[in-house]
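Report on the following structure.
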Amino acid sequence: MEQGGDAAAARRMERIASHLRPTPSSQMEEVSLLRGSNCRAKGAATGFKVAILGASGGIGQPLALLMKMNPLVSLLHLYDVVNTPGVTADISHMNTGAVVRGFLGQPQLENALTGMDLVIIPAGVPRKPGMTRDDLFNINAGIVRTLCQGVAKCCPKAIVNVISNPVNSTVPIAAEVFKKAGTYDPKLLLGVTTLDVVRANTFVAEVLGLDPRDVSVPVIGGHAGVTILPLLSQVNPPCSFNSEEISYLTTRIQNGGTEVVEAKAGAGSATLSMAYAAAKFADACLRGLRGDSGIVECSYVASQVTELPFFASKVRLGRCGIEEILSLGPLNEFERAGLEKTKKELAESIQKGVAFISK
Ligand SMILES: NC(=O)C1=CN([C@@H]2O[C@H](COP(=O)(O)OP(=O)(O)OC[C@H]3O[C@@H](n4cnc5c(N)ncnc54)[C@H](O)[C@@H]3O)[C@@H](O)[C@H]2O)C=CC1
Ligand SMILES: O=C([O-])CC(=O)C(=O)O
């Protein structure tokens, strides 16, 4: 046997044994990121640690697959109250770099969250035909509260991406939980509205006869009905639409979620396009953490671009999470009227979320 063979064999046996151990232990600490300051250091050599809460669900599973494929991820924690052993076993066989660990049920939430750089939350019930996103509030508000309490305790410096609906209220709920825990940093809390941008890019590209990858549409406001406000006057590449096109596109973008809910006829809401959107947004957050420049995405965040405490608009992502909230830019008359409707509904949804925690 070559020199050092015994040591190498021992290491191989340890790796086999570690696979047979049910829960992660000291291994989690080995895959550590550059830490120490309030912000992450550029060029984190070993990759980022990401947790998905609600990982066994319709969004969670394809999102887990996409995050396992992301070369910026070194450790992927999959948490849910059901089915994580199966999902984790399945995903863990993919020969990509990220190490995958599964966590099942509330007693394992803290282990799932400890040391994470990014926490993505798609946990919660989806809509059925005839429901609004706000109809999900009663169940999902409590789920988001519990999960964010775990974040506050175990990884208060993590970036949090909130997907669970109604996003217009669940993000304020998360903020209130963090405030109560004394860990709130508005730069680290982002509501995921990327699917609205993804849809807007697709539908606008269809009308213009362009490749959707070449189209960029800012979508501001929030993530429900009239609060989804596409800025068709700011489409890139620059273009103009007649009033019929504006009406068709605005309605289709605002109703994109309902279009999928109805097509699925009781079997849930958008999951695959959402997983794509969430993975795209998470990747942007990770590239920001790495120190890449020029990372701009729309997101629903604590904001001063309007008089409301939360609003979705373009934000620049960096090593500390949100580095800058960009101004809305010039709006046309149609968009200004839409903004008034958006603000009225958003104000109520934000207040409902805040009241849920303070009651
Ligand atoms: N922000 C956005 O653009 C979008 C948001 N959504 C929302 O995402 C949420 C999830 O949707 P789907 O994945 O389709 O639902 P789903 O029902 O397929 O999956 C939800 C998962 O959450 C898990 N879960 C429930 N309570 C939990 C808890 N306390 N801790 C951890 N996990 C828990 C469930 O076990 C399930 O696996 C819904 O609220 C939906 O409305 C959906 C599409 C787009
Ligand atoms: O419509 C829903 O309930 C899910 C969702 O938020 C979306 O697809 O945009």
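We count ligands from 1, going down the list as the structure has it; atoms in each ligand are counted the same way. Bear in mind that the values here come from a model prediction, so they are computed numbers and not experimental data.
- In this structure, Y248 has its ring center at least 6.0 angstrom away from the ring center of F241.
- Close N/O approach between L147 and ligand 1 is not found [any backbone or side-chain N/O within under 3.5 Å].
- Side-chain N/O atoms of D134 and S349 include no donor and acceptor closer than 3.5 Å.
- Residue I163 places at least one N or O, backbone or side chain, under 3.5 Å from an N or O of ligand 1.
- Contact check for I121 versus I163: no side-chain heavy atoms found under the 4.5 Å cut-off.
- With a 4.5 Å cut-off on side-chain heavy atoms, V119 and C155 count as touching.
- For the pair I59 and ligand 1, the shortest N or O to N or O distance falls below 3.5 Å.
- Of the protein's heavy atoms, P126 CD, 3.4 Å lies nearest to atom 17 (O) of ligand 1.
- The residues K153 and E110 are annotated as salt-bridged, a charged nitrogen and a carboxylate oxygen being separated by less than 4.0 angstrom.
- In terms of protein heavy-atom proximity, atom 6 (O) of ligand 2 is nearest to H223 NE2, 2.6 Å.
- Ranking protein heavy atoms by distance to atom 36 (C) of ligand 1, first place goes to D80 OD2, 3.6 Å.
- Polar contact with ligand 1: present for H223 (N/O pair, distance under 3.5 Å).
- Salt bridge annotation for K343-E340: present, with a cationic side-chain nitrogen under 4.0 angstrom from a carboxylate oxygen.
- Proximity of L136 to ligand 2, defined as any heavy-atom pair under 4.0 Å, is not found for any part of the residue.
- Remark: among candidates M131, R133, M274, R199, the nearest residue to atom 8 (O) of ligand 2 is R199, based on non-hydrogen atoms.
- In this pair, Y300 and F310 present their aromatic rings tilted. The plane angle is within the 30 to 60° band.
- Salt-bridge formation is not detected for the pair E297/R316: no Lys NZ or Arg NE/NH1/NH2 atom is positioned less than 4.0 Å from an Asp or Glu carboxylate oxygen.
- Side chain of S273 to backbone of A270: no donor-acceptor contact under 3.5 angstrom is found.
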Subject >> Full working for side chain to side chain donor-acceptor pair (under 3.5 Å) between K264 and T271 >> reply: CA-CA 11 Å; K264 291 199 174 182; T271 53; 3.1 Å; yes

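- Close N/O approach between S164 and ligand 1 is not found [any backbone or side-chain N/O within under 3.5 Å].
- Short contacts between ligand 2 and G257, defined as distances under 4.0 Å to a heavy atom of the residue, involve ligand atoms 1 (O), 7 (C), 8 (O), 9 (O).
- In the model, H223 has a side-chain atom that pairs as donor or acceptor with a side-chain atom of D196 under 3.5 Å.
- Atoms of ligand 2 lying under 4.0 Å from at least one heavy atom of A270, given by number and element, are 8 (O).
- Among all protein heavy atoms, the one lying closest to atom 29 (N) of ligand 1 is I143 CG2, 3.6 Å.
- Taking the charged nitrogens against the carboxylate oxygens, E206 and R252 do have a contact shorter than 4.0 Å, which makes a salt bridge.
- Proximity to Y79 (heavy-atom distance under 4.0 Å) selects the following atoms of ligand 1: 30 (N), 31 (C).
- Protein heavy atom nearest atom 16 (P) of ligand 1, with residue, atom name and distance: G58 N, 3.8 Å.
- Residue G124 has at least one nitrogen or oxygen atom sitting less than 3.5 Å from a nitrogen or oxygen atom of ligand 1, judged on distance alone.
- For the residue pair S92 / K68, no side-chain donor-acceptor distance below 3.5 Å is found, with atom types taken as modelled.
- Within a 6.0 Å radius of OH in Y184, more than 12 heavy atoms belonging to other residues, nucleotides or ligands are found.
- Within the 4.0 Å heavy-atom shell around ligand 1 one does not find G268.
- Ligand 1 places these atoms under 4.0 Å from at least one heavy atom of V167: 1 (N).
- When the options L136, V144, V125 are ranked by their closest heavy atom to atom 39 (O) of ligand 1, first place goes to V125.
- Of all protein heavy atoms, the one closest to atom 9 (C) of ligand 1 is P122 O, 3.6 Å.
- Using a 4.0 Å cut-off to heavy atoms of N165, the atoms of ligand 1 that qualify are 4 (C), 5 (C), 6 (N), 7 (C), 39 (O), 40 (C), 41 (O).
- Counting heavy atoms under 4.0 Å from ligand 1, residue A123 touches it through both backbone and side chain.
- For atom 4 (C) of ligand 1, the nearest non-hydrogen atom of the protein is M274 SD, 3.5 Å.
- Of all the atoms in ligand 1, the ones that sit under 4.0 Å from a non-hydrogen atom of V82 are 35 (O).
- In summary, the atoms of ligand 1 found under 4.0 Å from a heavy atom of T271, numbered by their order in the structure, are 14 (O).
- An N or O contact shorter than 3.5 Å links N140 to ligand 1 by distance.
- For K157 and D185, the salt-bridge test fails: no basic side-chain N is under 4.0 Å from an acidic carboxylate O.
- Residue contact check for ligand 2: V260 places no non-hydrogen atom closer than 4.0 Å to it.
- Checked for salt-bridge contact, E176 and R145 miss the test: no charged N lies under 4.0 Å from a carboxylate O.
- Ligand 2 has a nitrogen or oxygen under 3.5 angstrom from a nitrogen or oxygen of R127.
- Atom 19 (O) of ligand 1 has as its closest protein heavy atom G57 CA, 3.2 Å.
- Every atom of ligand 1 with a heavy atom of A270 under 4.0 Å away is listed here by number and element: 42 (C), 43 (C).
- Side-chain contact check for T258 and R127: at least one donor-acceptor pair (N or O, by modelled atom type) lies under 3.5 Å.
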